[in-house]
Amino acid sequence: MADPLSEKWVDLRLLATMRVVLGASALLVVFVDPSEPNRWAFRPYIVLFIYTLYGLAIYILTARRHPVTARSLLPWIDLLWTVPLAVFAAGSPRVFYYFFFFPIIAAAFVWGLTAGARVTLTAASFLTIAGKLAAPPGQPVELDRLLLPPIGLLIFGYLMSRWGGFKAQMRNRLQLLKDVTVFSNPRFGIDRTIREILERVREFYGAKSCMLIVPKSEDGNVYQIYKTRRRTAPVGSSPPELDRETARIFLHPSNEHALLYQKWHPRRTVLFDVMSRQASAGSAAEAEKLSGLLDAENYVSIPVAYRHGIIGRLYITDVPRRLDNADLNFLIQLMDHVTPVTENIRLVDNLASDAAEHERRRIGHDIHDSVIQPYLGLQFGLVALHQKLQKGDGTASRDVDELLDLTNHELAQLRRYVRGLRVGEERSDVLLPALQRYAARFSTVTGIQVEVAAAGPVKLSDRLAGELFQIVTEGLSNIRRHAFCNDARIELSCNQDSVILQIKNGRSRINGDAERTAPDTTVSFKPRSIAERAALLGGETRVFVDELNYTVVRVGIPL
């Protein structure tokens, strides 16, 4: 079921309301004006009354967000209602003429241009037939009265379909961007996140397959291929790998151009400059060779860029409809939005791997110092005891007592160590070191210098530390994508009642010393994901400008 809060449901609710208004208004007009049709022709009243009841039923179902009201069949049912209305119009279809426009609007504004155009053609055909049947028998047909209404319906229906289709397309694209953001969750891991995004893009275009080729490491010697196909669930295994030479085949044509290839109806190859957004003709031979490798009749190839460098390409194959420059432009914008998010997840994955490796080394050192070394002493003591027993030394009993005391002591130490691992002892101060490691890695990758500071010790539970860590990663990601600054600062303070987290970003590296904002000025915008996460923890979020002209996101969480 679609999201009940989405704009599509708002449009469906509006259309359901207008359907009731249209039926009730037509019933009132026919009753008030007996000439349209004759007052004693009761059949139009009955049809309009039933149509109004039908509109009320659809309105109630839409208000309850029933999935049947979101199906594309509904405009065709509205169009079928025009048949009895036109038949019972008694030669005066002016009142019922507007009923032909309603299904066109419903189809175009909710389901797009293609649906609106199909309903428009069918409605014009129905209107022409109705005009022919309504002509007086035995008299010549007046072509102006017969053809002008359908022609006007075609013209205005096409315009409404174009405008409605554009609105539906923008709504669907915004929904896709929202879905991509939802899928981009660090807890899912980089491989699953990329596959889910690709599958969502493939479904959006109804394509046969969607494929992403990106380097596995920073040196670019090994590439990975993520791919989803129609009627095939995304596979959870590791993506296949290619060496640089093999991957170069799929990095065609160049880093500065997107490519649109269509083999039939008509055959065309379009190069689209990602900077100027201008289209030109491309080499059909190279594009056709690549279509053979992809086993595709048509495909789109989009360069994937990050930090002003091209790192891979996105392929969408066998799209069932004709694509244009607007689709290429949208896909470029989509990848510009997706790539920083996935790279942020990759950073978190690497940090988690580094943290796990660090934890393994720490546990290894602890076991070596706390377990292995004492038991080496125990081993040496047993060897010495064995030698004494062989010699018949009477002091062996004292050595046994010493070894038992040593064993009991080390077992107690081992139990305390295992208990510490189980309940999380010595881990209450894990947040600050983790943030410092992440900030160092973030600075290396993005060039934004991040300073982490804490006012006193910060000892928190693992869960709260994990939530604060996610808030910091989201805040730094927002700074990288929107602030264009050279430096940032993370400040932590903790007392008995609350923990305060402040994420600050400095002046823009584009505008330099921009106009200063008055200190302590509250900013109306709040980062939604951070505010929602803080609210779930019982905290609050505030955004303001401090005395150094830094934009500050302040999160306070009670303890």
* Structure fact -> Rounded to the nearest 0.5 angstrom, the CZ-OG1 distance for Phe101 and Thr82 is 12.0 Å

* **Audit row: Ile213, Met211, side-chain contact (heavy atoms from CB on, under 4.5 Å) steps and yes/no** => CA-CA 7 Å; Ile213 301 177; Met211 183 173 68; 4.2 Å; yes

* Is there a side-chain contact between Lys227 and Tyr315 (heavy atoms, below 4.5 Å)? -> no

* **Ile50 vs Val47 side-chain heavy atoms within contact, under 4.5 Å** => no

* **Validation row: Val274, Met335 side chains within 4.5 angstrom (heavy atoms)** => no

* Give the minimum heavy-atom separation between Asp11 and Arg171, together with the two atoms involved. => OD2-NH1, 3.3 Å

* At their closest point, which heavy atom of Pro320 faces which heavy atom of Tyr205, and how far apart are they? -> CD-O, 3.4 Å

For residues 122-130, please give each side-chain donor-acceptor pair under 3.5 Å, one per line with the distance, not counting sequence neighbours.
| unit_1 | atom_1 | unit_2 | atom_2 | d |
| --- | --- | --- | --- | --- |
| Thr122 | OG1 | Arg118 | O | 2.9 |
| Ser125 | OG | Leu121 | O | 3.0 |
| Thr128 | OG1 | Ala124 | O | 2.8 |

* To do: Could you tell me whether the side chain of Ile104 reaches within less than 4.5 Å of the side chain of Phe156, counting heavy atoms only?
  => no

* Do Tyr51 and Tyr54 touch side chain to side chain, with heavy atoms closer than 4.5 Å? -> yes

* **Shortest non-hydrogen contact between Ala108 and Ala168, atoms and distance** => O-CB, 3.9 Å

* To do: Name all pairs fulfilling the side chain to side chain donor-acceptor pair (under 3.5 Å) condition that reach into residues 100-112, sequence neighbours left out, sorted by first residue then second.
  => none

* Asked: Between Trp81 and Ile77, is any pair of side-chain heavy atoms under 4.5 Å apart?
  -> yes

* To do: Decide yes or no for Phe272 and Arg277: does some side-chain heavy atom of the first lie under 4.5 Å from some side-chain heavy atom of the second?
  => yes

* Has Arg71 got more than 12 heavy atoms of other residues, nucleotides or ligands less than 6.0 Å from its CZ? -> no

* **Nearest heavy atoms of Glu474 and Ile530, plus distance in Å** => CG-CG1, 3.7 Å

With a cut-off of 3.5 Å and sequence neighbours excluded, list every side-chain donor-acceptor pair involving residues 281-291.
| unit_1 | atom_1 | unit_2 | atom_2 | d |
| --- | --- | --- | --- | --- |
| Glu288 | OE1 | Arg267 | NH2 | 2.4 |
| Ser291 | OG | Glu288 | O | 2.6 |

* Asked: Rounded to the nearest 0.5 Å, how far does OG1 of Thr62 lie from CG of Leu74?
  -> 7.5 Å

* To do: Go through the steps for Phe166 and Arg162 under the test side-chain contact (heavy atoms from CB on, under 4.5 Å), then give the verdict.
  => CA-CA 6 Å; Phe166 180 76; Arg162 289 288 296 182; over 6 Å; no

* Is it true that a side-chain atom of Thr69 and a backbone atom of Arg65 form a donor plus acceptor pair closer than 3.5 Å? -> no

* For the student: nearest non-hydrogen atoms of Arg313 and Ser301, plus distance -> NE-OG, 2.6 Å

* **CA sep, side-chain torsions, deciding dist, call: Asp327, Arg173, side-chain contact (heavy atoms from CB on, under 4.5 Å)** => CA-CA 10 Å; Asp327 292 293; Arg173 287 178 175 179; 3.3 Å; yes

* To do: Taking the side chain as every heavy atom from C-beta outward, state whether Lys208 and Glu297 have any atom pair closer than 4.5 Å.
  => no

* Structure fact -> Interatomic distance, CG@Leu260 vs CG@Asn325, rounded to 0.5 Å, equals 8.0 Å

* How far apart are the closest heavy atoms of Ala534 and Thr541, and which atoms are they? -> CB-OG1, 3.5 Å

* Residues two or more places apart in sequence or in another chain: which of them pass salt bridge (charged side-chain N to carboxylate O under 4.0 Å, His left out) with Asp336? -> none

* So Tyr261 and Tyr299, would you call those rings parallel, tilted or perpendicular, with 30° and 60° as cut-offs? -> tilted

* **NE2-CD1 distance between His257 and Ile302, expressed to the nearest 0.5 angstrom** => 12.0 Å

* Count the heavy atoms belonging to other residues, nucleotides or ligands that lie under 6.0 Å from CD of Glu203, then report whether that count exceeds 12. => yes

* Asked: Within the side chain of Asp318, is there an N or O that forms a donor-acceptor pair under 3.5 Å with the backbone of Ser209?
  -> no

* Asked: How far does CG of Asn329 sit from CG of Leu334, to the nearest 0.5 angstrom?
  -> 11.5 Å

* Structure fact -> Output for pair (Leu48 CG, Leu22 CG), nearest 0.5 Å, gives 9.0 Å

* Are there more than 12 heavy atoms of other residues, nucleotides or ligands under 6.0 Å from atom CH2 of Trp76? -> yes

* Could you tell me whether a side-chain N or O of Arg230 sits under 3.5 Å from a main-chain N or O of Gly206, the two making a donor and an acceptor? => yes

* Chi angles and distances behind the side-chain contact (heavy atoms from CB on, under 4.5 Å) call for Ile471, Ile503 -> CA-CA 9 Å; Ile471 290 175; Ile503 305 172; 4.2 Å; yes

* To do: For Glu245, enumerate each residue passing the side chain to side chain contact (heavy atoms under 4.5 Å, CB included) test, keeping only those at least two apart in sequence or located in another chain.
  => Asp243, Arg248

* To do: Could you list the residues that satisfy ring pair (Phe, Tyr, Trp, His ring centres under 6.0 Å) with Tyr223, not counting sequence neighbours?
  => none

